[in-house]
Amino acid sequence: MEERIEISQRVMCIIEEHKNEGDFVSQTLCFVRAVLEPESVGEKKLKEKEIRRYDMQYRYDHTLRVAAIGREIARAEGISQEALVMACLLHDVGYPECKSFEELGKHPAFGAEIAARFLGKIGYDAEISKSICKAIWIHDRFPCEGEDATVLEKSVRDADDIDRADAMRICIRAYHDIGERAAWEIREICEKRLKETESLKNRICGTETAKRLWMENICFQEEFYRKLLVQMEQTREEYGTCL
């Protein structure tokens, strides 16, 4: 993490509002909420709020799901639940710093820098903070054998990808993929997605729990596209010819 990352004044002010007191996980959640500024929190729609970025509601909701997955992995694998949940909550905190589509790939770097400053401000354990920041830095990279990363660091990426492979992502992808396309086009899309799911089954995970959760979602995707393909196969003119 040699590159120097500049953080906006808005985020720096939010960091300064936090102190070395109280529950670390609760502080982290409040911090992430303040940075991402979702339109709604829980079942409450926030009134009279300027929407700064169209996708921050999805980003916040996604973050909550990733944290829940991280907690499940931590409980099953004996990883520090506090540290992994905090890392998962912070993993996408760099998104609002990206001012263009081209900058989105830098969100892990922004996020790691923001996390380092926030964790230092609240007085969190220095060594664990380094691991959390590294987890955020690498969470967008594809996993590989022999990677220099701890189980906690790998688990943030696993939790992120597990949520990105679940039902919500199918809905988002289907909206862009399918829309109002003709049946023959959707058949081609289904065949493409089924090939992808087959290759995704080989994804390397940091723990057995993550692998199980990952495979559950990939098999779910596979079943969805198989059923959709069958439906599109039935969408054919087989009842005579029009005169």
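Along the sequence shown, the residues carry numbers beginning at 1.
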Between [Y] and [X], is there a side-chain heavy-atom distance shorter than 4.5 Å?
| X | Y | answer |
| --- | --- | --- |
| Ile138 | Pro108 | no |
| Leu119 | Met86 | yes |
| Phe31 | Val93 | yes |
| Cys88 | Thr63 | no |
| Glu37 | Arg10 | yes |
| Gln221 | Ile170 | yes |
| Phe118 | Val11 | no |
| Ser155 | Ile79 | yes |

First locate atom [atom1] of [X], then atom [atom2] of [Y], and finally report the distance between them rounded to the nearest 0.5 Å.
| X | Y | atom1 | atom2 | answer |
| --- | --- | --- | --- | --- |
| Ile122 | Asn20 | CD1 | CG | 7.5 Å |
| Lys192 | Ile186 | NZ | CD1 | 14.0 Å |
| Leu228 | Arg187 | CG | CZ | 11.0 Å |
| Ile132 | Leu152 | CD1 | CG | 6.5 Å |
| Tyr58 | Met168 | OH | CE | 6.5 Å |
| Leu229 | Lys227 | CG | NZ | 13.5 Å |

When hydrophobic residues are tied together by side-chain contacts of less than 4.5 Å, even through go-betweens, does [X] share a cluster with [Y]?
| X | Y | value |
| --- | --- | --- |
| Ile172 | Ile189 | no |
| Met56 | Leu29 | yes |
| Val25 | Leu64 | yes |
| Ile15 | Leu36 | yes |
| Tyr60 | Leu90 | yes |

Residue pairs passing the ring pair (Phe, Tyr, Trp, His ring centres under 6.0 Å) test with at least one member in residues 97-116, sequence neighbours excluded, are Tyr95-His107, His107-His139
- Query: When you look at Glu216 and Lys211, which way does the salt bridge (charged side-chain N to carboxylate O under 4.0 Å, His left out) test go after all the steps?
  - Reply: CA-CA 9 Å; Glu216 286 175 3; Lys211 186 66 174 184; over 6 Å; no
Is the closest basic N to carboxylate O distance between [X] and [Y] below 4.0 Å?
| X | Y | answer |
| --- | --- | --- |
| Lys106 | Glu97 | no |
| Arg193 | Asp177 | yes |
| Glu222 | Arg226 | yes |
| Glu17 | Lys121 | no |
| Glu72 | Arg212 | yes |

Between the main-chain N or O of [Y] and the side-chain N or O of [X], is there a donor-acceptor pair closer than 3.5 Å?
| X | Y | value |
| --- | --- | --- |
| Arg157 | Cys205 | no |
| Glu198 | Lys195 | no |
| Lys99 | Pro96 | yes |
| Ser131 | Glu127 | no |
| Glu113 | Cys133 | no |
| Ser26 | Asp23 | no |

Please determine, by modelled atom types, if Asp61 and Gln57 share a side-chain donor-acceptor pair under 3.5 angstrom.
yes
Just say parallel, tilted or perpendicular for the rings of His91 and His62, cut-offs at 30° and 60°. perpendicular
Applied to residues 73-95, the salt bridge (charged side-chain N to carboxylate O under 4.0 Å, His left out) test, sequence neighbours excluded, yields Arg59-Asp92
Distance-minimising heavy-atom pair for [X] and [Y]:
| X | Y | answer |
| --- | --- | --- |
| Asp125 | Ile128 | OD1-N, 2.9 Å |
| Asp148 | Lys134 | O-NZ, 2.6 Å |
| Leu89 | Val32 | O-CG2, 3.2 Å |
| Trp214 | Ala165 | CZ3-CB, 3.8 Å |

Residue set satisfying side-chain hydrogen bond (donor to acceptor under 3.5 Å, both in side chains) with Arg203, at least two apart, ordered chain then number -> Asp158, Asp161
* To do: For the pair Thr150 and Glu153, evaluate side chain to side chain contact (heavy atoms under 4.5 Å, CB included) and give the outcome as yes or no after the intermediate values.
  => CA-CA 5 Å; Thr150 66; Glu153 291 157 8; 3.1 Å; yes
query = When you look at CD of Glu208, are more than 12 heavy atoms from neighbouring residues, nucleotides or ligands closer to it than 6.0 Å?
reply = no
- Message: Using a 6.0 Å cut-off, check whether atom CD of Gln231 has over 12 heavy atoms from anything other than its own residue.
- Response: no
